[in-house]
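We number each residue from 1, following the sequence as shown.
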Amino acid sequence: MRRASRPWSLLVLIALAGLLGPPAVASASDAGLQAVVKRDLAVQKRLNAVGTRLKAPSSRSFDAYVRYLRRSANHQSRISRNVLALRRRYRAQQPQTTQAKRGRLLALRGHRDLANASGTSAGVLRRGIEEMTNAPTEGTYRAAGRRMLRLLKAQDRRYDRGNRRVSRGRTLILNAPWMPTSS
């Protein structure tokens, strides 16, 4: 009985390894994606600082309340613009590892949710200001205020979902296997 020089199982393993391709390691574009994540964290920190400085007026004046609502609407618009800019940066990067791809997709979807929620909130605040300033009676003023609060509260779920997705995407991208490219 003659013995084969190469066992058939070894040939099958080599063929499977060839089909799977080389092991995935982070490339320069993954490093660029990680740089976008770091920028994302800095933007989030800056916007949160601005948001905490927005305080409801202590006086009972209608004009002070309207100014506060206008500042809030402008802040929501600023959030929307910054999130859309970050989304463009994420989209410009092409990750190589599957973990970074999943993270990028989650971050893109999360930023879409955040941009939509903040844009809608800005519109609701501006519409609420207009309805409350043009209200002929106190009843219509109160109804406009309640409508504005209800529509703002409806955006909470979208904000939460967007923040969860972005957070999970950042974590996946930052934890993706990274190896500097040799030059």
Side-chain angles (χ1 to χ4, degrees), residues 24 26-58 64-133 143-178:
S27 70
S29 62
D30 281 353
L33 194 57
Q34 290 173 350
V36 172
V37 169
K38 290 175 185 169
R39 182 178 176 89
D40 187 1
L41 290 169
V43 167
Q44 180 190 12
K45 185 176 180 182
R46 183 172 41 88
L47 289 173
N48 286 343
V50 171
T52 55
R53 285 194 304 262
L54 277 175
K55 302 259 189 242
S58 56
Y65 186 61
V66 168
R67 277 193 307 273
Y68 165 71
L69 290 178
R70 275 203 185 99
R71 282 190 208 112
S72 297
N74 292 339
H75 178 62
Q76 292 297 325
S77 293
R78 197 174 306 117
I79 289 173
S80 183
R81 282 193 309 271
N82 280 298
V83 166
L84 288 173
L86 284 169
R87 194 164 191 270
R88 282 190 298 272
R89 287 179 183 271
Y90 274 104
R91 204 174 318 138
Q93 299 296 325
Q94 292 301 320
Q96 300 300 315
T97 61
T98 57
Q99 188 174 356
K101 283 180 186 178
R102 284 194 343 247
R104 176 179 170 261
L105 183 64
L106 277 172
L108 285 171
R109 288 179 179 171
H111 280 110
R112 181 188 59 204
D113 289 339
L114 292 174
N116 289 339
S118 58
T120 302
S121 295
V124 165
L125 285 166
R126 289 197 174 96
R127 199 172 316 113
I129 292 168
E130 184 181 339
E131 288 175 355
M132 289 191 306
T133 53
R146 283 192 307 268
R147 186 177 320 110
M148 180 181 69
L149 290 176
R150 184 182 69 241
L151 292 172
L152 285 174
K153 190 173 173 72
Q155 298 306 310
D156 287 348
R157 286 179 53 207
R158 206 182 315 179
Y159 274 119
D160 292 342
R161 183 179 64 193
N163 284 324
R164 267 194 323 271
R165 283 177 168 176
V166 168
S167 174
R168 179 74 179 128
R170 283 182 196 144
T171 304
L172 285 172
I173 292 168
L174 290 176
N175 292 337
W178 186 78

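Considering every non-hydrogen atom in both Leu69 and Met148, the closest pair reads CD1-CE, 4.0 Å. Smallest separation of non-hydrogen atoms from Asn116 and Gln155: O-OE1, 4.5 Å. Leu151 approaches Arg127 most closely through the heavy-atom pair CD1-NH1, 4.4 Å. Residues Leu54 and Tyr68 approach most closely at C-CE1, 4.4 Å, considering heavy atoms. Nearest heavy-atom pair, Ala115 versus Ser80, reported as atom, atom and distance to 0.1 Å: O-OG, 3.5 Å. Annotation for Arg78 and Val50: closest pair NH1-CG1, 3.7 Å, computed over non-hydrogen atoms.
When side chains are defined from C-beta on, Val66 does not count as touching Met132, because their heavy atoms never get closer than 4.5 Å. Lys153 places none of its side-chain heavy atoms less than 4.5 Å from the side chain of Arg150. Side-chain contact between Arg67 and Pro57: absent, with no pair of heavy atoms (C-beta onward) separated by less than 4.5 Å. Side-chain contact between Asn175 and Gln34 is absent, with no heavy-atom pair separated by less than 4.5 Å.
Between the side chain of Arg104 and the backbone N or O of Gly169 there is no donor-acceptor pair closer than 3.5 Å. A donor-acceptor pair is defined here as one N or O able to donate and one able to accept, closer than 3.5 Å; no such pair exists between the side chain of His75 and the backbone of Arg71.
Checking Arg157, Arg158, Arg164, Arg165 one by one against Asp113, the side-chain hydrogen bond (donor to acceptor under 3.5 Å, both in side chains) holds for a single residue, Arg165.
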